Amino acid sequence: MAAVPGVMALLTLQRSVTLQHSFFGLIPIPLASTCFPTRLFSAAKESTESKSPVNPENESLLENLNLMGVDVRMARQRQPGVLRKAFTNEQGLAQFLQGKGASRKVIASIISRYPRAITRSIEHLEQRWQLWRNIFKTDAEIVSIVDRSPESFFRSSDNDNLEKNIAYLVSLGLNTKDLHRLLTTAPRTFSNSLALNKQMVEFLEDICIELGGCNPEQFAKTVITRNLYILIRSTKRVKTNIDNLRASLKLKDSELLALLQSHGAEILDLSNEYLKKNFNSLEEKMTALGCRKADVKKLIISYPMILYIGPDTLSSKLDCLLKGGITIKQILEKPKVLDYSTQNITGRLKELRRVGYDFQKNGINILDSSRKRFDAKIEKLSASPDELM
């Protein structure tokens with residue numbers, strides 16, 4: 001693992017002024033009588049006026065942020081209290097991030113969207129960065145995530161909690177690849193308190209035991225790796241979704257356990273209302289198309305992700321497929337064709353009609369293929385129509 005370059009917590013006044021110019025083109029200012037480097041930590045200007053009930057914004061900080069290209073209006077809307085702090089570390093943060101490869105534009109965007117980032121010390125930043133580097137191979141990967149979700153890196157100031165969460169997740173059997181996916185997809189997992197993460201894991205283990213499972217630890221690990229958002233949802237939400245699935249599909253314990261250990265885990269993070277609404281709409285649509293409740297049950301068990309699709313979108317996809325000459329029976333047998341957008345389905349059906357493709361003879365597997373494979377198949381069919389026979 002490459003060593004993380006050390007950064008001094010406090011720089012000298014002379015170096016601070018020089019770095020200001022080299023990183024952001026700021027105009028050097030006279031040295032101030034403070035123990036913090038000028039403009040490395042912004043100090044609020046003293047006022048001889050009487051204090052108002054709410055502290056005024058730090059004018060020196062506002063000036064700094066404007067010069068750095070920060071959207072001050074956005075920062076004020078997001079976390080207004082930060083702009084009233086007497087001491088901040090915007091220049092230290094900027095120098096630290098630029099040392100990791102972040103551009104001036106990225107740094108300004110991070111501060112605009114999550115102003116609290118400028119309250120973190122260099123020591124804290126170094127320690128947290130090193131913890132992340134235990135999971136990621138390069139600084140560039142971390143910069144990319146922090147740019148996309150500043151909150152994931154700066155939300156918590158508790159590095160000990162982060163370290164404990166990483167150790168706990170590893171103890172569950174999650175490997176570096178799993179942790180990488182968690183930090184990339186659901187970074188708030190690591191800002192949770194350790195107790196909160198343990199609560200969800202223990203809840204999942206209890207569900208496994210309740211349903212007759214023999215390996216609760218493996219069950220919890222499977223659910224987490226299949227649904228990376230599960231640890232940032234409440235146990236109440238997950239329990240309600242499990243209960244609704246059991247009741248709506250009239251599942252036996254063994255059937256429910258099997259569902260949750262497979263693709264069923266992927267829908268447990270949905271809001272209770274959304275899941276219930278989508279189930280009711282699906283049942284109504286399928287009934288209108290002549291399907292039985294047993295067909296709906298089979299469809300959801302084989303393809304739980306169908307409950308992710310909103311009612312209007314699902315109806316549009318089904319209508320599109322049926323108008324294209326595909327039967328509801330074929331859709332039930334190959335529901336993954338619903339993974340694709342209505343626009344994608346429409347385009348593929350049009351190309352297949354052009355080459356005279358017969359879904360009743362050849363099936364619908366061709367619709368569930370990558371763009372590259374689909375195009376290659378169309379080209380082949382165009383050149384050799386006999387293959388359609």
Side-chain angles (χ1 to χ4, degrees), residues 148-149 185-186 226-230 232-234 236-251 256 259-260 262-354 357 359-360 363-371 373-375 378:
R148 189 174 74 246
S149 175
T185 307
R226 283 189 174 276
N227 190 329
L228 299 175
Y229 298 100
I230 199 76
I232 57 175
R233 304 299 185 228
S234 68
K236 180 181 178 182
R237 172 187 289 201
V238 177
K239 184 179 187 305
T240 301
N241 282 338
I242 292 173
D243 290 342
N244 285 340
L245 286 171
R246 186 206 300 262
S248 300
L249 299 175
K250 295 181 172 54
L251 296 171
L256 183 56
L259 177 63
L260 298 179
S262 59
H263 294 293
E266 298 168 24
I267 61 173
L268 293 181
D269 67 297
L270 294 175
S271 75
N272 304 144
E273 296 76 16
Y274 187 76
L275 185 66
K276 187 180 291 186
K277 180 183 74 173
N278 288 356
F279 176 84
N280 291 336
S281 297
L282 172 64
E283 189 173 46
E284 182 180 336
K285 178 71 175 180
M286 300 306 283
T287 300
L289 293 173
C291 296
R292 302 166 301 166
K293 287 190 175 183
D295 295 322
V296 177
K297 177 178 178 178
K298 181 181 177 182
L299 174 61
I300 293 174
I301 289 177
S302 64
Y303 182 60
M305 292 298 288
I306 196 170
L307 294 176
Y308 247 111
I309 307 173
D312 293 340
T313 302
L314 177 63
S315 183
S316 175
K317 289 182 179 183
L318 287 170
D319 291 344
C320 180
L321 288 166
L322 293 171
K323 288 177 183 177
I326 295 167
T327 66
I328 191 64
K329 181 180 178 182
Q330 287 176 306
I331 295 172
L332 289 171
E333 291 172 350
K334 192 69 177 178
K336 281 202 70 180
V337 295
L338 296 168
D339 270 350
Y340 300 88
S341 68
T342 305
Q343 182 179 5
N344 185 298
I345 293 171
T346 302
R348 291 190 173 196
L349 289 173
K350 183 178 180 180
E351 291 186 65
L352 289 167
R353 277 197 301 270
R354 179 175 59 79
Y357 192 88
F359 290 111
Q360 303 313 309
I364 66 172
N365 284 344
I366 191 170
L367 289 173
D368 181 24
S369 60
S370 67
R371 182 79 246 181
R373 291 184 63 185
F374 180 81
D375 289 343
I378 290 293

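No experiment lies behind these values; they were computed from the predicted model shown.
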Using the side chain to side chain donor-acceptor pair (under 3.5 Å) criterion, which residues pair with [X]? Sequence neighbours excluded.
X: E351; value: R371
X: Y308; value: D269
X: N244; value: none

Is there a side-chain contact between [X] and [Y] in this structure, where contact means two heavy atoms from C-beta onward sitting under 4.5 Å apart?
X: L256; Y: L249; value: no
X: I242; Y: L268; value: yes
X: F279; Y: L245; value: no
X: L275; Y: I267; value: yes
X: E266; Y: P304; value: no

Minimal non-hydrogen separation, [X] against [Y], with atom names:
X: L338; Y: Y303; value: C-OH, 3.9 Å
X: A186; Y: Y229; value: CB-CD2, 4.2 Å
X: P335; Y: L299; value: CB-CD1, 3.5 Å

[atom1] of [X] to [atom2] of [Y]: how many Å apart, nearest 0.5 Å?
X: E284; Y: S315; atom1: CD; atom2: OG; answer: 9.5 Å
X: D243; Y: R246; atom1: CG; atom2: CZ; answer: 6.5 Å
X: I378; Y: R373; atom1: CD1; atom2: CZ; answer: 13.5 Å
X: K334; Y: I366; atom1: NZ; atom2: CD1; answer: 12.0 Å
X: S248; Y: N280; atom1: OG; atom2: CG; answer: 7.0 Å
X: S369; Y: K336; atom1: OG; atom2: NZ; answer: 11.5 Å

Answer yes or no: are there more than 12 heavy-atom neighbours, outside R148 itself, under 6.0 Å from its atom CZ?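 For R148, atom CZ is crowded (more than 12 foreign heavy atoms under 6.0 Å).
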Give a yes or no on this: more than 12 heavy atoms of other residues, nucleotides or ligands lie within 6.0 Å of atom CD of Q360.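 Atom CD in Q360 is crowded, with more than 12 foreign heavy atoms closer than 6.0 Å.
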With side-chain contact (heavy atoms from CB on, under 4.5 Å) as the test, would you mind laying out the steps for I300 and L307 before giving the verdict? CA-CA 8 Å; I300 293 174; L307 294 176; 4.0 Å; yes
Contacts table for residues 318-328: side-chain donor-acceptor under 3.5 angstrom, sequence neighbours left out:
{"residue": "D319", "atom": "OD1", "partner": "K285", "partner atom": "NZ", "Å": "2.9"}
{"residue": "T327", "atom": "OG1", "partner": "Q330", "partner atom": "N", "Å": "3.2"}
{"residue": "T327", "atom": "OG1", "partner": "Q330", "partner atom": "OE1", "Å": "3.4"}

Looking at D339 and D368, would you say the former's side chain and the latter's main chain have a donor-acceptor pair under 3.5 Å? no
What salt bridge (charged side-chain N to carboxylate O under 4.0 Å, His left out) pairs are there with at least one residue in residues 293-316, not counting sequence neighbours?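 Applying salt bridge (charged side-chain N to carboxylate O under 4.0 Å, His left out) to every pair that reaches into residues 293-316, excluding sequence neighbours, yields E255-K297, R292-D295.
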Mind checking what makes ring-ring contact (aromatic ring centres under 6.0 Å, His included) contact with F374, not counting sequence neighbours? none
For K236 and N272, what are the C-alpha separation, side-chain angles and deciding distance, and is it a side-chain contact (heavy atoms from CB on, under 4.5 Å)? CA-CA 10 Å; K236 180 181 178 182; N272 304 144; 5.7 Å; no
Is there a side-chain contact (heavy atoms from CB on, under 4.5 Å) between N278 and I309? Walk through the geometry before answering. CA-CA 7 Å; N278 288 356; I309 307 173; 5.9 Å; no
Determine whether N241 and R237 satisfy the following criterion, side chain to side chain donor-acceptor pair (under 3.5 Å), listing intermediate values before the conclusion. CA-CA 6 Å; N241 282 338; R237 172 187 289 201; over 6 Å; no
